[in-house]
Amino acid sequence: HYKMLYRNALENEPQHQGVALPAPRQAASAEDESAHERQLQDELESEGVVVASAKVSLACPISQTRMVHPMVNAQCGHTYDRTAVNEHIRRCRSLTVKCPVAGCVGFVNQANLRPNKKISELLAQDSGS
């Protein structure tokens, strides 16, 4: 909306009459953005810059020990070990408690917990190596 107002204001000023203005930028499609990200990644790698992917932690944020039965909180996405999160909920003496991950504003309760199959697979692969 503001771009259109700005464009109209420029076109109506005497010093800008007859001057071709650039076309408004269209929103990029997901495919265009993905191609752009690949191009940037290639450019960085060609310059010797390596961008590492995020590392997944196999440690429970509550117990700080390796997870055995990872459970994902469907409300905020954090994963905890089943034993640790159940103990955390029990200790707080409430059915719904604040997510124990620092800075998270989410809540956790038994109904929001689901087995985290991806982390379980990573744990199995990591113990096999």
Side-chain angles (χ1 to χ4, degrees):
H1 182 70
Y2 291 106
K3 289 181 183 178
M4 185 58 81
L5 290 173
Y6 177 74
R7 188 175 191 78
N8 288 339
L10 285 178
E11 288 174 346
N12 292 328
E13 291 184 20
Q15 70 268 26
H16 293 293
Q17 289 179 348
V19 175
L21 295 173
R25 186 172 179 259
Q26 299 296 319
S29 70
E31 187 175 289
D32 290 340
E33 287 182 10
S34 180
H36 181 69
E37 287 177 17
R38 282 192 305 273
Q39 180 183 1
L40 288 175
Q41 182 74 23
D42 291 344
E43 288 174 9
L44 288 172
E45 287 176 359
S46 70
E47 294 174 11
V49 178
V50 177
V51 179
S53 62
K55 184 176 179 179
V56 176
S57 176
L58 300 179
C60 172
I62 301 169
S63 67
Q64 301 299 310
T65 60
R66 182 183 172 88
M67 289 185 269
V68 177
H69 302 288
M71 303 294 283
V72 65
N73 182 346
Q75 201 253 347
C76 68
H78 289 116
T79 298
Y80 333 94
D81 185 70
R82 182 176 62 206
T83 303
V85 73
N86 286 339
E87 177 63 19
H88 176 71
I89 292 169
R90 187 191 65 72
R91 233 184 1 255
C92 291
R93 295 186 175 156
S94 178
L95 296 177
T96 299
V97 299
K98 185 182 176 311
C99 174
V101 174
C104 183
V105 295
F107 290 89
V108 62
N109 60 36
Q110 290 297 326
N112 288 346
L113 294 173
R114 308 278 185 275
N116 189 327
K117 295 177 183 175
K118 295 214 182 277
I119 298 294
S120 291
E121 290 171 8
L122 288 173
L123 287 163
Q125 289 172 3
D126 190 55
S127 64
S129 55

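The two residues Val68 and Leu123 make their nearest non-hydrogen contact at O-CD1, 4.4 Å. Taking every heavy atom of both residues into account, Thr79 and Met67 meet most closely at CG2-SD, 3.7 Å. Residues Cys99 and Cys76 share a closest heavy-atom pair of SG-SG, 3.8 Å.
Checked against side-chain hydrogen bond (donor to acceptor under 3.5 Å, both in side chains), Asn86 has the following partners two or more places apart in sequence or in another chain: Gln110.
Side-chain contact between His78 and Cys104: present, with at least one pair of heavy atoms (C-beta onward) separated by less than 4.5 Å.
Around the CZ atom of Arg91, the shell of radius 6.0 Å holds more than 12 heavy atoms that belong to other residues, nucleotides or ligands. The local environment of NZ in Lys98 is crowded, with over 12 non-hydrogen atoms from other residues, nucleotides or ligands closer than 6.0 Å.
With rounding to the nearest 0.5 angstrom, the SG atom of Cys60 is 11.5 Å from the CD1 atom of Ile119. The structure places OG of Ser94 at 10.0 Å from NE2 of His88, a figure rounded to the nearest 0.5 Å.
A donor-acceptor pair under 3.5 Å is formed between the side chain of Asn73 and the backbone N or O of Phe107.
Residues Asp126 and Arg66 are paired through a salt bridge, judged by an N-O separation under 4.0 Å between the basic side chain and the carboxylate.
Tyr80 shares a hydrophobic cluster with Ile62, Met71, Val85, Ile89, Val97, Val101, Val108, Leu113; the chain of contacts runs through ILVMFWY side chains whose heavy atoms sit under 4.5 Å apart.
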Can Glu121 and Lys118 be said to form a salt bridge (charged side-chain N to carboxylate O under 4.0 Å, His left out), step by step?
CA-CA 5 Å; Glu121 290 171 8; Lys118 295 214 182 277; 5.6 Å; no
